[in-house]
S.K.: 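Supplied in structure tokens, the structure appears directly below.
Basis for what follows: all heavy atoms, side chains included, without hydrogens, waters or symmetry-related copies. Residue numbering restarts at 1 for every chain, and letters A, B, ... go by the order of the sequence lines.
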Number of protein chains: 2
Amino acid sequence: MTRDWRRGAAKPGAPAAKPPPVRSPTLRDVAQGAGVHPATASRALNPTTRDLVNEETASRVIQVAESLGYRPNPIARSLKTARSATVGLVLPDLTNPLFPPIVRGIEDILGPAGYNAWIVNTDNDPKREESQIQSLRSRHVEGLIIATARLEHPLLEQLHAHGVPMVLVNRRMATSDIASVTADDATGIATAVRHLVDLGHRRIAHLAGPQDTSTGRVRRRAFSQALRDHGLQDDPALVAECDYWTEGEGARAFRALLDRGSPFSAVIAGNDLLALGSYDVITERGLSCPRDISVVGYNDMPFIDKFRPPLTSLRVPHYEVGAESARLLLETLGTPNRHPRSVLLPVSLVVRQSTGPPDRPAVPRRGRSAHGS
Amino acid sequence: MTRDWRRGAAKPGAPAAKPPPVRSPTLRDVAQGAGVHPATASRALNPTTRDLVNEETASRVIQVAESLGYRPNPIARSLKTARSATVGLVLPDLTNPLFPPIVRGIEDILGPAGYNAWIVNTDNDPKREESQIQSLRSRHVEGLIIATARLEHPLLEQLHAHGVPMVLVNRRMATSDIASVTADDATGIATAVRHLVDLGHRRIAHLAGPQDTSTGRVRRRAFSQALRDHGLQDDPALVAECDYWTEGEGARAFRALLDRGSPFSAVIAGNDLLALGSYDVITERGLSCPRDISVVGYNDMPFIDKFRPPLTSLRVPHYEVGAESARLLLETLGTPNRHPRSVLLPVSLVVRQSTGPPDRPAVPRRGRSAHGS
DNA sequence: CCACCAATCGCAAACGATTGCGACGGCTCA
DNA sequence: TGAGCCGTCGCAATCGTTTGCGATTGGTGG
């Protein structure tokens, strides 16, 4: 005698006025419809346990489930299994056009694998980052894809030590060996330098990104290395650091570069936004690109081919970066103790109109600043 | 062996010598620590039920909870309460730079109210949209913010009829009265037309967006109305429709416009991407903007001031649009039967260098196409 | 002095799923 | 014929929290 386990057992005395609640069907409903126990229904519906139940009953259960439009409740499942089919995606700032393609790549891989991504913004604020990650963890995300890594990042190291599966995207860390997906920045920068040298440039400047990020540092080092490889002088006066990857910082640093008085005819920016900042300053000082100064960006942001002038930039396969990081994370989730792997994706130089042969030995505008002789 | 990084992976073989699991503390732990029943702890921790428990015990419970670093498990809570403190955000395409600021606005309002947003992409694919929304609902999101609405949208109407709280952002629907937040497109377009008329333009074209979206249709109608208001002829030959809000569609439609042979000296694009498409064609045909043709965009996308030439555009307060839609949704969640409200946010014209006085009666390039007489 | 009430708090049943374990038949094999 | 095994499937516990209800206490008014 099957006990009536249904919660809505009609109150005795109450008329059989069946008020059909819009409540979506539960596992119990399909079990009852198929005349089996919920446990059996559960096993029948789950592909990995399906062979524990008679093939005929299984298909009957499936049949009923479909006709009822049964959708398993991910919350209940999560609670029981402590798994969530969800991964967290931690971004510094969605407004940066760099990230949407990465997100797309990630989702396109995760989706077919049955996972979804929780996207959170940190605004580059470590406090916010910590609380966001905390929130993700309490939601039982199974892994993290992190685009906010700094070279020194205690929080991430701690998570990694705790065995939290994660992969860094677009960034690497100094110490820990955490899986990461980045572009081959060293080769990219070398390509850019060669391009400029081939055009005839000899004094090339660098707008370096934040030195507490791997991209900022790797690109800066690669820059120095490439100069030396070409037998050029690696003049510290031709490198200016930016504290953030923003247009404003790019402008500030580029102004500083000009004001230092060391002549240069080309600049390689740590990324496109910094390059845009230098565009602003070039206009502001009455200079012309590429006549007075050639500019190379990094990332090949969308629409950057429509800027004035169209920016020569290094194209990073962002979509692929995202996709690859998702694949890495899935691998990690599948085989936990796998040794962390890091992949390097190729970048390519897209030559547009912001680079050209040096017009003449550039005499940087000294402004009215009276510094130096 | 489930890989569960939340709870300390108990080393196998370790004696049962009180292995203090790193497992995050549960309500039971707190209750036990405070010497009360979990139910009491729950009530003490919940601000709305706190007055059901003795003030002293309440503070003791809170004390213990803090010292233990207790974080309530949202999943368990969700399961029990059928609420999730989560809303779904349905976007057509995150890659469109229009959306990140909207997302920011939404998150900035939702966050302090204790809500989080699940972001999903639909790629403008109705099938995908349906499955994504289904997925959101099964996660018990409490409401939806939807940026993918078309004028006719059975799915949304059905959800609305089912009482799903939702607000449309940047779009409205034809029939249902669903809360929405949009820009004041009619006024915006009128402003643009006046700007062009003031410059001396008399034959103005329109690159219309998809006519199954409210924005596309409203802007197109406003365009015709504004022409008439200025006593100008509303020539159907000067309106070309785009099927999508993409650069490519803009280019295609603009080519068609030129090939029709009706002269015009300015064009108002349904949005910035369409305007960019016309830029491409202007270059491709050897024309010049604004000398031959003035162009006005819509949305004032980030960085669009750096295009060639800097695009005159209508600025929509996207952040505010997002924020306002979040506020609306929160209101709806707070008072379910409230009559749906729709808000219209002001837009402003940002004049840059893509608009200027007409050089001479433009003689559109007829190309080598042999169509027509 | 008893009945009643308010304030507190515990009990236990949910929420919807998963899963170890054991029950039950039917079958094989010695 | 009985022991043992295998295929199926039900039982019940469990995940962590919320909440209706009832029990206990102490205080109060009649």
Side-chain angles (χ1 to χ4, degrees), chain A residues 1-9 11 21 23-61 65 68 70-85 137-140, chain B residues 1-2 4 6-7 21 23-61 65 68-85 137-140:
Chain A
M1 201 54 36
T2 49
R3 195 152 302 290
D4 183 9
W5 56 71
R6 258 198 335 147
R7 149 181 64 103
K11 300 280 203 321
R23 176 182 66 105
S24 56
T26 150
L27 187 58
R28 268 201 260 279
D29 297 332
V30 355
Q32 178 175 321
V36 297
H37 191 272
T40 306
S42 171
R43 286 187 268 254
L45 260 8
N46 192 325
T48 70
T49 50
R50 182 163 308 155
D51 47 359
L52 289 179
V53 15
N54 184 305
E55 189 174 344
E56 185 192 354
T57 16
S59 58
R60 180 158 38 95
V61 168
L68 254 50
Y70 168 74
R71 318 287 309 171
N73 182 332
I75 298 190
R77 192 202 300 262
S78 257
L79 180 58
K80 175 60 183 175
T81 62
R83 307 188 57 244
S84 61
R137 295 192 64 195
S138 74
R139 282 198 156 75
H140 289 104
Chain B
M1 177 66 62
T2 53
D4 185 353
R6 274 180 325 115
R7 29 202 88 235
R23 176 184 66 107
S24 52
T26 150
L27 188 57
R28 256 197 269 282
D29 300 332
V30 175
Q32 183 172 330
V36 297
H37 192 272
T40 306
S42 170
R43 284 188 268 253
L45 260 8
N46 192 326
T48 70
T49 51
R50 181 164 309 154
D51 48 359
L52 290 179
V53 16
N54 184 306
E55 189 175 344
E56 185 193 354
T57 28
S59 57
R60 180 157 38 95
V61 168
L68 253 50
Y70 167 74
R71 317 289 308 171
N73 182 330
I75 298 190
R77 190 200 299 260
S78 258
L79 179 58
K80 177 60 184 174
T81 62
R83 307 186 55 243
S84 60
R137 293 197 64 199
S138 74
R139 284 196 153 76
H140 287 104

S.K.: Looking at DNA chain C, which of residues 35-44 of chain B put a heavy atom within less than 4.0 Å of it?
M.R.: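 When residues 35-44 of chain B is checked for heavy atoms under 4.0 Å from DNA chain C, the hits, listed by number, are B/Val36, B/His37, B/Ala39, B/Thr40, B/Arg43.
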S.K.: Please determine whether side chain to side chain contact (heavy atoms under 4.5 Å, CB included) holds for the pair B/Leu45 and B/Leu27, giving the CA-CA distance in whole Å, both sets of side-chain angles, and the decisive distance to 0.1 Å.
M.R.: CA-CA 10 Å; B/Leu45 260 8; B/Leu27 188 57; 3.8 Å; yes
S.K.: Without decimals, in angstroms, what is the distance between B/Leu79 CG and D/dT19 C1'?
M.R.: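 Those two atoms, CG and C1', are 14 Å apart.
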S.K.: According to side-chain hydrogen bond (donor to acceptor under 3.5 Å, both in side chains), does anything in residues 31-52 of chain B pair up with another residue at least two apart or in another chain? List the pairs.
M.R.: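 Qualifying pairs: B/Asn46-B/Thr48.
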S.K.: First locate atom NZ of A/Lys80, then atom CG of A/Asn73, and finally report the distance between them rounded to the nearest 0.5 Å.
M.R.: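 CG of A/Asn73 is found 15.0 Å from NZ of A/Lys80.
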S.K.: May I ask you to verify if any side-chain N or O of A/Thr81 is less than 4.0 angstrom from the OP1 or OP2 atom of D/dC15?
M.R.: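 It does not, given that no N or O in the side chain of A/Thr81 lies less than 4.0 Å from OP1 or OP2 of D/dC15.
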S.K.: Within the 4.0 Å heavy-atom criterion, would you say B/Thr49 contacts the bases, only the backbone, or no part of the nucleic acid?
M.R.: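 Nothing: the residue B/Thr49, judged by heavy atoms under 4.0 Å, touches no strand.
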S.K.: Using atom CZ of A/Arg50 as one end and atom P of D/dT8 as the other, report the distance to the nearest whole Å.
M.R.: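 So the two atoms are 14 Å apart, to the nearest Å.
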S.K.: Indicate the atoms forming the closest heavy-atom contact of A/Ala34 with A/Val61, along with that distance.
M.R.: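 Looking at all heavy atoms of both residues, the shortest contact is CB-CG2, 3.9 Å.
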S.K.: State whether A/Thr57 places a side-chain N or O below 4.0 Å from either non-bridging phosphate oxygen (OP1 or OP2) of D/dC9.
M.R.: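 A/Thr57 to D/dC9 OP1/OP2: side-chain N or O found under 4.0 Å.
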S.K.: When we call it a touch if two heavy atoms are under 4.0 Å apart, what does A/Pro72 touch: a base, just sugar-phosphate, or nothing?
M.R.: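 The residue A/Pro72 makes sugar-phosphate contact but no base contact.
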S.K.: Please name the pair of heavy atoms, one in A/Ser24 and one in A/Asp29, separated by the smallest distance, quoted to 0.1 Å.
M.R.: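 For A/Ser24 versus A/Asp29, the nearest heavy atoms are O-OD2, 4.4 Å.
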S.K.: For the atom pair NE2 (B/His140) and CG (B/Leu79), what is the distance rounded to the nearest 0.5 Å?
M.R.: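 Taking NE2 in B/His140 and CG in B/Leu79, the distance rounds to 8.0 Å.
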S.K.: Which whole-number value in Å describes the distance from B/Asn46 CG to C/dC9 C1'?
M.R.: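 Rounding to the nearest Å, CG of B/Asn46 and C1' of C/dC9 are 16 Å apart.
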S.K.: C/dA7 P sits how many Å from B/Asn54 CG, rounded?
M.R.: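 Answer to the nearest Å: 12 Å.
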S.K.: C/dG16 P sits how many Å from B/Ile75 CD1, rounded?
M.R.: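 Nearest whole value for this atom pair: 16 Å.
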S.K.: Can you check the A/Asp51 CG to D/dC6 P distance for me, whole Å?
M.R.: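 After rounding, the gap between these two atoms is 15 Å.
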S.K.: Send over the distance from A/Lys80 NZ to C/dA17 P, rounded to a whole Å.
M.R.: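 It works out to 14 Å between those atoms.
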S.K.: Search all heavy atoms of B/Pro74 against all heavy atoms of A/Arg139 and return the closest pair with its distance.
M.R.: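 Minimum heavy-atom contact is CG-CG, 4.4 Å.
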S.K.: How many Å lie between CZ on B/Arg28 and C1' on D/dT18, as a whole number?
M.R.: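 In whole Å, D/dT18 C1' lies 13 Å from B/Arg28 CZ.
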